[in-house]
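Presented below is the structure to which this report refers.
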Amino acid sequence: MFLLHEYDIFWAFLIISSLVPILAFWISGVLAPVREGPEKLSSYESGIEPMGDAWLQFRIRYYMFALVFVVFDVETVFLYPWAMSFDVLGVSVFIEAFIFVLILIGGSVYAWRKGALEWS
Amino acid sequence: MDLPGPIHDILVVFIGSVLVLGGLGVVLLTNPIYSAFSLGLVLICISLFYISLNSYFVAAAQLLIYVGAINVLILFAVMFMNGSEYSNDSYLRTIRDGVTSLICTTILFSLMATISDTSWYGILWTTRSNQIIEQELTNNVQQIGIHLATDFFLPFELISIILLVSLIGAITMARQ
């Protein structure tokens, strides 16, 4: 019904899946009663009085994860064309890609042992 | 892509205008987190341009690397800054602003003149003449994969060693 006719089901899926959250929020916004008071407007902290500041300091651990992610993202970019042409290539290419991934798993183990993946 | 003519033009104009607005947002917004997200929008629009030009691998690589890795790193670097350091100056025009805008508009107009004067069809037809007919059956990305695995097998393995070295170097420097 739209252009690119073999993607009809995809466009229908995209439209419906965009409409569902919009309708969900809009209907509940229309139907819900609004009764505001000072208790309701304060922020929620598991039932107790909110204490402290809402802004936390950004920790270095978040940056370490982004750094490790960048290197493995570049690895993914190189694995993507190999995966697309996997069925026309032979076993030897599979071994080559296995060596590629193995070297980078070595790097991942290094990052793990050096504590770059510690969360707390 | 084999879209009909006017639809392709409308798509290009739409993505181009979103890109220009995003670029203006990167430069002119005062909150640095907003401008970092606007940079992400610009990089996504560039990726959509690559899709409309039949370069599916470059589009995917652009999304993965530029938006997924580099933009995230820029966002994290922006978040290290404190909120009280946002600049509050109004539009004070200095000499530096005038020189920069003059240089940028000169580059813009020279690029517009050069692109419309170059004969792109001459370059395209000379590179298309040495393609084998059997390559039309495989996808764009599949051809890249085949060449990467057979002709360029040794650089493929050396790339993994480069990535390993960069990972070790980055972790060593970031731990200090």
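I46(B) and L21(B) are not part of a single hydrophobic cluster, where members link through side-chain heavy atoms under 4.5 Å apart. Follow the hydrophobic side-chain contacts under 4.5 Å out from I95(B) and you never reach L102(B); the two are in separate clusters. By the criterion of side-chain heavy atoms lying less than 4.5 angstrom apart, applied directly or through intervening Ile, Leu, Val, Met, Phe, Trp or Tyr residues, V12(B) is not grouped with I10(B); the two fall into different hydrophobic clusters. Transitive grouping of hydrophobic side chains (ILVMFWY, heavy atoms separated by less than 4.5 Å) brings F80(B) and V72(B) into a common cluster. Residues Y62(A) and L167(B) fall within the same hydrophobic cluster, defined by Ile, Leu, Val, Met, Phe, Trp and Tyr side chains chained together at heavy-atom separations under 4.5 Å.
Between E157(B) and I99(A), the shortest heavy-atom distance links the atoms OE1-CG2, 3.5 Å. Taking all atoms of both residues into account, the shortest heavy-atom contact from G106(A) to L164(B) is C-CD1, 4.3 Å. Y63(A) and L73(B) make their closest contact through CE1-CD2, 3.7 Å (heavy atoms, listed as atom of the first residue, atom of the second, distance).
Counting heavy-atom pairs under 4.5 Å between each of M84(A), E96(A), K114(A) and chain B puts E96(A) at the top. When S85(A), A111(A), A83(A) are compared by the number of non-hydrogen pairs under 4.5 Å with chain B, S85(A) comes out ahead. For the set W82(A), F69(A), Y110(A), the count of heavy-atom pairs under 4.5 angstrom toward chain B peaks at Y110(A).
Both the backbone and the side chain of I103(A) come within contact range of chain B, with heavy atoms under 4.5 Å apart. Of the atoms belonging to F78(A), heavy atoms from both backbone and side chain fall under 4.5 Å from chain B. Only the side chain of F72(A) comes within contact range of chain B, with heavy atoms under 4.5 Å apart. Looking at S108(A), only its backbone comes within 4.5 Å of chain B, counting heavy atoms on both sides. Proximity to chain B is limited to the side chain of L104(A), based on heavy atoms less than 4.5 angstrom apart. Residue V70(A) touches chain B through both its backbone and its side chain, counting heavy-atom pairs closer than 4.5 Å. Within the 4.5 angstrom heavy-atom criterion, only side-chain atoms of A116(A), from C-beta onward, approach chain B.
The aromatic ring centroids of F100(A) and F156(B) lie less than 6.0 Å from each other.
Within 6.0 Å of the OH atom in Y80(A), the count of heavy atoms belonging to other residues, nucleotides or ligands exceeds 12. Heavy-atom contacts from other residues, nucleotides or ligands closer than 6.0 Å to CZ of F76(B) number more than 12.
Taking OG of S160(B) as the reference point, atom CD1 of I105(A) lies at 11.5 Å (rounded to 0.5 Å). To the nearest 0.5 Å, atoms CD1 (I95(A)) and CZ (F153(B)) are separated by 10.5 Å.
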